[in-house]
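What's counted below: heavy atoms across the whole structure, side chains too, no hydrogens, waters or symmetry copies. In what follows, every chain begins at residue 1, and chains take the letters A, B, ... in the order their sequences are listed.
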Amino acid sequence: MLTTRPRGTNDLLPKEIEKWHYLESILRQVAALYGYQEIRTPIFEHTELFQRGVGESTDIVEKEMYTFLDRGERSLTLRPEATASTVRAFLEHKLYAGSLPLKFYYVGPMFRYDRPQAGRYRQFHQFGVEAFGSQDPGLDAEVIAMAMDIYERLGLHDLVVELNSVGCPHCRQAHRQVLQEYLKEKVTALCVTCQGRFAKNPLRILDCKNAHCRKLVAEAPTIEQMLCEECRDHFQLVQEYLQELQVPYTLNPSLVRGLDYYTKTAFEIVAQGIGAQSSIGGGGRYDDLIEECGGPAMPGIGYAMGLERILLTLEEQGVVLPTQAKTQIFLAALGEEAQKIGAGLAQELRKAGVIVERDYLGRSLKAQLKAANRLQTAITVILGEEELAKGAAVVRKMQEGRQKVVPLPELVAYLVRENKGGDMDE
RNA sequence: GUGGUUGUGGCGAAGCGGUUAACGCACCGGAUUGUGGCUCCGGCACUCGUGGGUUCAAGUCCCAUCAGCCACCCCA
């Protein structure tokens, strides 16, 4: 136990961390392009925030939260998502008093007590955006376009945008009634979970993966048919904007997001080939959430994407991400005196912007050259007693296997020059 | 929460009841008393996820437990 990580968590080792750095740099870059500013909220919040914000009857709140009492007997919860926190911060700091709309983005770990599987972890990372204060359908479309923009910049392809409108409380209520009416005689034929959903959340039945349920529900009234005029217009305009922004999408009338706060637009971005957990991003509009959390009546929209799943998809699609610069020069020193001079040289070179590595184990020349070879440095500098006696060092070009003696006073300048030359070759 | 599957050195992987737990890669050292990448030689698991049990004898059989992977569910 001492040396095993908690279930569903991951260590990001140096080998893979470069991908994360690159991914995050793209995220921040695109966020800036679209005018979103970063917000960092606590990793844990009062449990109540998620109960109210995400919704009591959601799976997240019912069975997936990491909830604990702190030493002051406060019930706290590790954030399962970040929309509630962003709304909370927005309200707590009364940011609604300033100019609107306000656009935030966040990147960070989220926690959900799920059974781990491909693309699903108990601690996972999300990037997301939230825009408060506008009900413009053009913003809905832009937010979707932004998500796609990110995926495309990363090099992902063959993604599908699934779009739906879940309506507002009015049309949802109407749809619910019609749906229950329709399903009334079929309830007993549904699967066990769906029988449970019938009274509680009949909408979810439309989303059931059970083949039998799907058949029974195929002809059921969709929310789209029941949208009120306002919601219908909004949905129509979102689609027109999407066409304008050249974002292909498919309508999925059974797309029901598992968070209670969504209204009108709901969307999901799906990738192939990464297993059953194929949604790499999703979001929607939440026009009642801010008020629900005790703020002014104000619309909002946002999405979140799962960073692990994006990385999985990148790997699946064979996309190679740029990696960090490699070591340029290895400094091999032999003996105490040479080690000291070597340390000084390394420092001078680093200050001149050269990536230098050296030996810290007092290894043999052979072992040091082997290390240099492993690092694939273009140049290895050999500082030994013979060279020191002459006030010089051996500069060995690893690829050609040729080397020459360079006087110490000229060494740094020589290496900096050689290193630049090497860069130009690449 | 349910089901399937796996768990042997840093990694990959043999062994499937019986003397010292193959092999490959990686790593370390040597052949070259100061020169890498190739080659050759040598070294590297009192131990088989953990805990019980069966047996004269268990990495090998049984049970439990933990963990990985995958699926359901749900979602990022």
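The pairing partner recorded for B/U32 is none, the criterion being a Watson-Crick or G-U wobble arrangement whose two distances lie under 3.5 angstrom. Pairing for B/U55 is absent, with no Watson-Crick or G-U wobble pair whose two atom distances lie under 3.5 Å. Across all strands shown, the partner of B/A64 is B/U50, judged by Watson-Crick or G-U wobble contacts whose two distances both fall under 3.5 Å. Partner assigned to B/C72 is B/G1, using Watson-Crick or G-U wobble distances below 3.5 angstrom. The pairing partner recorded for B/A13 is none, the criterion being a Watson-Crick or G-U wobble arrangement whose two distances lie under 3.5 angstrom. In this entry B/C27 has B/G43 as its Watson-Crick or G-U wobble partner, both defining distances falling under 3.5 Å.
Here the two rings, on A/Y105 and A/Y36, have centers that are 6.0 Å apart or farther. Under the 6.0 Å cut-off for aromatic ring centres, A/F132 and A/F104 qualify, their centroids lying closer than that.
Each of B/A67, B/C73, B/G1 was ranked by its minimum atom distance to the side chain of A/R7; first place goes to B/A67. Listed nucleotides: B/A76, B/C73, B/C72. Nearest to the side chain of A/K63: B/C73.
Heavy atoms of A/G119 sit under 4.0 angstrom from at least one base atom. Within the 4.0 angstrom heavy-atom criterion, no nucleotide atom of any strand lies near A/F127. When heavy atoms are screened at a 4.0 angstrom cut-off, A/A118 is found touching the sugar-phosphate backbone but no base atom. As judged by a 4.0 angstrom heavy-atom cut-off over every strand, A/L259 is placed among residues touching the sugar-phosphate backbone only. Counting any heavy atom pair closer than 4.0 Å across all strands shown, A/G283 reaches no nucleic acid atom.
Rounded to an integer number of Å, the gap from A/M65 CE to B/G1 C1' is 17 Å. Computed from coordinates, the A/D59 CG to B/C73 P distance equals 11 Å when rounded to whole Å. A straight line from CZ of A/R122 to C1' of B/C74 spans 14 Å, rounded to a whole angstrom. One interatomic measurement links the two molecules: CD of A/Q123 to P of B/A76, which rounds to 17 Å at whole-angstrom precision. In this entry the distance linking CG of A/L375 with C1' of B/A26 reads 15 Å, nearest Å. Distance, A/E316 CD to B/C70 P: 12 Å, rounded to whole Å. At whole-Å resolution of the value, CE in A/M110 and C1' in B/C74 are 17 Å apart. Counting to the nearest Å, the C1' atom of B/A76 and the CG atom of A/N10 are 14 Å from each other.
Distance alone, capped at 3.5 Å, places no donor-acceptor pair between the A/S165 side chain and the A/F235 backbone.
RNA chain B is contacted by both A/G275 and A/I60; A/G275 maps to the nucleotide lying nearer its 5′ end (nearest heavy atom per residue). Toward the 5' end of RNA chain B, the nearer of the two residues A/G282 and A/I274, judged by each one's closest nucleotide, is A/I274.
Residue A/Q117 places no side-chain N or O under 4.0 Å from the OP1 or OP2 atom of B/C70.
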message: For a quick check, with a 4.0 angstrom heavy-atom cut-off, what is the B/S/- contact string for nucleotides 27-38 of chain B, read 5' to 3'?
response: SS--B--BBBB-

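Ion pairing between A/E418 and A/K397 holds under the 4.0 Å rule for side-chain N and carboxylate O.
A donor-acceptor contact under 3.5 angstrom links the side-chain atoms of A/R120 to the base of B/C73.
The closest side-chain heavy-atom distance from A/T77 to A/E45 is not below 4.5 Å. Side-chain atoms of A/V129 and A/M146, non-hydrogen and from C-beta on, do get closer than 4.5 Å to each other.
One C1' atom belongs to B/G9, the other to B/C27, and the distance between them is 12 Å to the nearest Å. Between the P atoms of B/G59 and B/U19, the separation comes to 10 Å (whole Å). Rounded to a whole angstrom, the distance from the P atom of B/G10 to that of B/U47 is 13 Å. Using P as the reference atom, B/C61 and B/C72 are 31 Å apart when rounded to the nearest Å. Comparing B/U6 with B/U50, their C1' atoms sit 16 Å apart, to the nearest whole Å. Using atom C1' as the reference point in both B/C16 and B/C74, the two lie 39 Å apart (nearest Å). B/G15 and B/A71 have their C1' atoms separated by 31 Å, with the value rounded to a whole Å. Rounded to whole Å, the separation between the P atoms of B/A58 and B/A21 comes to 14 Å.
The two residues A/H175 and A/P221 have their closest heavy-atom pair at NE2-O, 2.9 Å.
Residue A/L78 holds its CG atom at 8.0 Å from OH of A/Y66, rounded to the nearest 0.5 Å. Taking CD of A/E130 as the reference point, atom OH of A/Y106 lies at 4.5 Å (rounded to 0.5 Å).
Residues in residues 131-144 of chain A take part in these side chain to side chain donor-acceptor pair (under 3.5 Å) pairs, two or more places apart or across chains: A/D140-A/H234, A/D140-A/T265, A/D140-A/R285.
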